[in-house]
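Residue numbers start at 1 and run along the sequence shown.
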Amino acid sequence: MADLISDGKTRVVWLSTVGNLNAPTVAELNAGADYTKRITPDGLKLDPTTADVDTSSLASKFDTGTVGRVSFDTEITFKRGDNPTDDAPFTTLKYGVSGFLFVRRGIDFAAAWAAGQKVEGYPMTCAEPANSAPAANEVMKFTSKMKCTDTPATAATVA
């Protein structure tokens, strides 16, 4: 049994529109803005949180519960660029901009999009971008927090 290494096996694209969140097409993904090379190695944060629902009653002697609503805490840390192409995430992902974030995991970054691949699709609206504090021996960075605006497709399949 071997472990799946994540280095170089994630791809992240931003689409302004998509026909079907659960089945984005190869053409749509190819037309999207591929921001993978602009994201820091630890900069992709798409953490689900499940709320607790208290199911105990006045007669209970033990606290019981079940799962409630799911939300995503999304934050992406990007490297700033010294030209318009490399700085596209900073100039594009501004406050109030809506679109769709697609993430492919476990397949080489360089591998072409192909029908049948599993992806995660998130309908998002961007919050105010935040510049990171300057630090010695680091690239200039900013963080884009995003709000999930509808139910994501965390097990979508490329059409």
Side-chain angles (χ1 to χ4, degrees), residues 1-79 89-90 92-109 111 113-133 141-159:
M1 180 166 101
D3 297 330
L4 181 61
I5 305 301
S6 65
D7 291 343
K9 294 186 184 292
T10 304
R11 194 165 186 185
V12 180
V13 297
W14 177 262
L15 281 66
S16 56
T17 63
V18 66
N20 182 345
L21 187 64
N22 290 291
T25 66
V26 170
E28 287 172 324
L29 294 168
N30 281 329
D34 190 332
Y35 289 152
T36 312
K37 290 182 177 182
R38 303 309 307 158
I39 299 172
T40 63
D42 61 350
L44 179 63
K45 181 182 172 193
L46 284 161
D47 298 336
T49 301
T50 303
D52 297 326
V53 176
D54 184 354
T55 59
S56 51
S57 72
L58 188 59
S60 298
K61 291 185 178 181
F62 183 83
D63 288 334
T64 59
T66 191
V67 296
R69 295 182 182 192
V70 177
S71 62
F72 281 85
D73 183 18
T74 305
E75 185 175 293
I76 303 176
T77 303
F78 291 94
K79 300 183 291 179
F90 185 73
T92 302
L93 304 175
K94 295 293 188 185
Y95 176 87
V97 170
S98 294
F100 300 88
L101 187 71
F102 281 90
V103 179
R104 181 183 74 186
R105 301 176 195 262
I107 298 173
D108 270 354
F109 161 76
W113 294 105
Q117 292 175 345
K118 294 297 182 188
V119 294
E120 304 160 25
Y122 302 89
M124 296 289 194
T125 296
C126 298
E128 183 69 20
N131 284 306
S132 299
K141 300 179 273 190
F142 83 98
T143 300
S144 177
K145 290 189 178 190
M146 298 180 186
K147 308 299 180 184
C148 203
T149 58
D150 203 348
T151 305
T154 56
T157 303
V158 177

*Asks:* Would you please name every residue forming a side chain to side chain donor-acceptor pair (under 3.5 Å) with T154, sequence neighbours left out?
*Replies:*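 In terms of side chain to side chain donor-acceptor pair (under 3.5 Å), with neighbours along the sequence ignored, T154 is linked to no residue.
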*Asks:* Nearest 0.5 Å, please: how far is CD in E75 from NZ in K45?
*Replies:*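 The CD atom of E75 is 5.0 Å from NZ of K45, to the nearest 0.5 Å.
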*Asks:* If you take all heavy atoms of P48 and V70, which pair is closest and at what distance?
*Replies:*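 Shortest heavy-atom contact: CB-CG1, 4.3 Å.
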*Asks:* Roughly how far, to the nearest 0.5 Å, is CG of D52 from OG1 of T64?
*Replies:*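 The OG1 atom of T64 sits 11.5 Å away from the CG atom of D52.
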*Asks:* If you apply the rule side-chain contact (heavy atoms from CB on, under 4.5 Å), what do you find for T157 with K118, and how did you get there?
*Replies:* CA-CA 5 Å; T157 303; K118 294 297 182 188; 2.7 Å; yes
*Asks:* Is there side-chain contact between C126 and K94, with heavy atoms separated by less than 4.5 Å?
*Replies:*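 No, side chains not in contact.
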*Asks:* Between the main-chain N or O of F90 and the side-chain N or O of R38, is there a donor-acceptor pair closer than 3.5 Å?
*Replies:*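 Checking the backbone N and O of F90 against the side chain of R38, no donor-acceptor pair under 3.5 Å is found.
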*Asks:* Calculate, to the nearest 0.5 Å, the distance between atoms OG and CG belonging to S144 and L101 respectively.
*Replies:*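 S144 atom OG to L101 atom CG measures 9.0 Å (nearest 0.5 Å).
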*Asks:* Supply the atom-to-atom distance L93 CG to W14 CH2, rounded to the nearest 0.5 angstrom.
*Replies:*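 Taking CG in L93 and CH2 in W14, the distance rounds to 5.5 Å.
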*Asks:* Quick check: closest heavy atoms across V12 and T36, and the distance to 0.1 Å?
*Replies:*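 Where V12 meets T36 most closely, the heavy atoms are N-OG1, 2.7 Å.
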*Asks:* Measuring from atom CG of L44 to atom OH of Y35, what distance do you get when rounded to the nearest 0.5 angstrom?
*Replies:*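 The distance works out to 14.5 Å.
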*Asks:* List the atom of V18, the atom of P24, and the distance in Å for their closest heavy-atom pair.
*Replies:*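 What the structure gives for the nearest pair is CG2-CB, 4.0 Å.
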*Asks:* With sequence neighbours excluded, what pairs up with F100 under the ring pair (Phe, Tyr, Trp, His ring centres under 6.0 Å) test?
*Replies:*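 Ring pair (Phe, Tyr, Trp, His ring centres under 6.0 Å) check on F100 returns nothing, list empty.
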*Asks:* Walk me through whether D42 and T77 qualify under side-chain contact (heavy atoms from CB on, under 4.5 Å).
*Replies:* CA-CA 8 Å; D42 61 350; T77 303; 5.7 Å; no
*Asks:* Just wondering, are more than 12 heavy atoms of other shown residues or ligands nearer than 6.0 Å to NZ in K37?
*Replies:*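 No.
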*Asks:* State, yes or no, whether a side-chain contact exists between I76 and M146 at a heavy-atom distance under 4.5 Å.
*Replies:*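 Result yes, sub-4.5 Å side-chain heavy-atom pair found.
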*Asks:* Of all heavy-atom pairs between G106 and L4, which one has the smallest distance, and what is that distance?
*Replies:*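 Closest pair (atom of G106, atom of L4, distance): CA-CD2, 4.1 Å.
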*Asks:* Backbone N or O of L46 within a donor-acceptor pair of the T74 side chain at under 3.5 Å?
*Replies:*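 Checking the backbone N and O of L46 against the side chain of T74, no donor-acceptor pair under 3.5 Å is found.
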*Asks:* For L21 and G121, work out which heavy atoms get closest and say how close.
*Replies:*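 It is CD1-C, 3.8 Å.
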*Asks:* Could you state the interatomic distance from CG (D73) to NZ (K145), rounded to the nearest 0.5 Å?
*Replies:*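 Answer for the CG-NZ pair, D73 versus K145, is 7.0 Å.
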*Asks:* What's the verdict on side-chain contact (heavy atoms from CB on, under 4.5 Å) for F102 and V158, showing C-alpha distance, side-chain angles and the deciding distance?
*Replies:* CA-CA 10 Å; F102 281 90; V158 177; over 6 Å; no
*Asks:* Could you pull out the closest heavy-atom pair between T40 and K79, with the gap in Å?
*Replies:*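 So the two residues come closest at CG2-CG, 4.0 Å.
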*Asks:* Would you check if the side chain of E28 reaches a backbone N or O of G19 as a donor-acceptor pair within less than 3.5 Å?
*Replies:*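 Such a contact is found between E28 side chain and G19 backbone.
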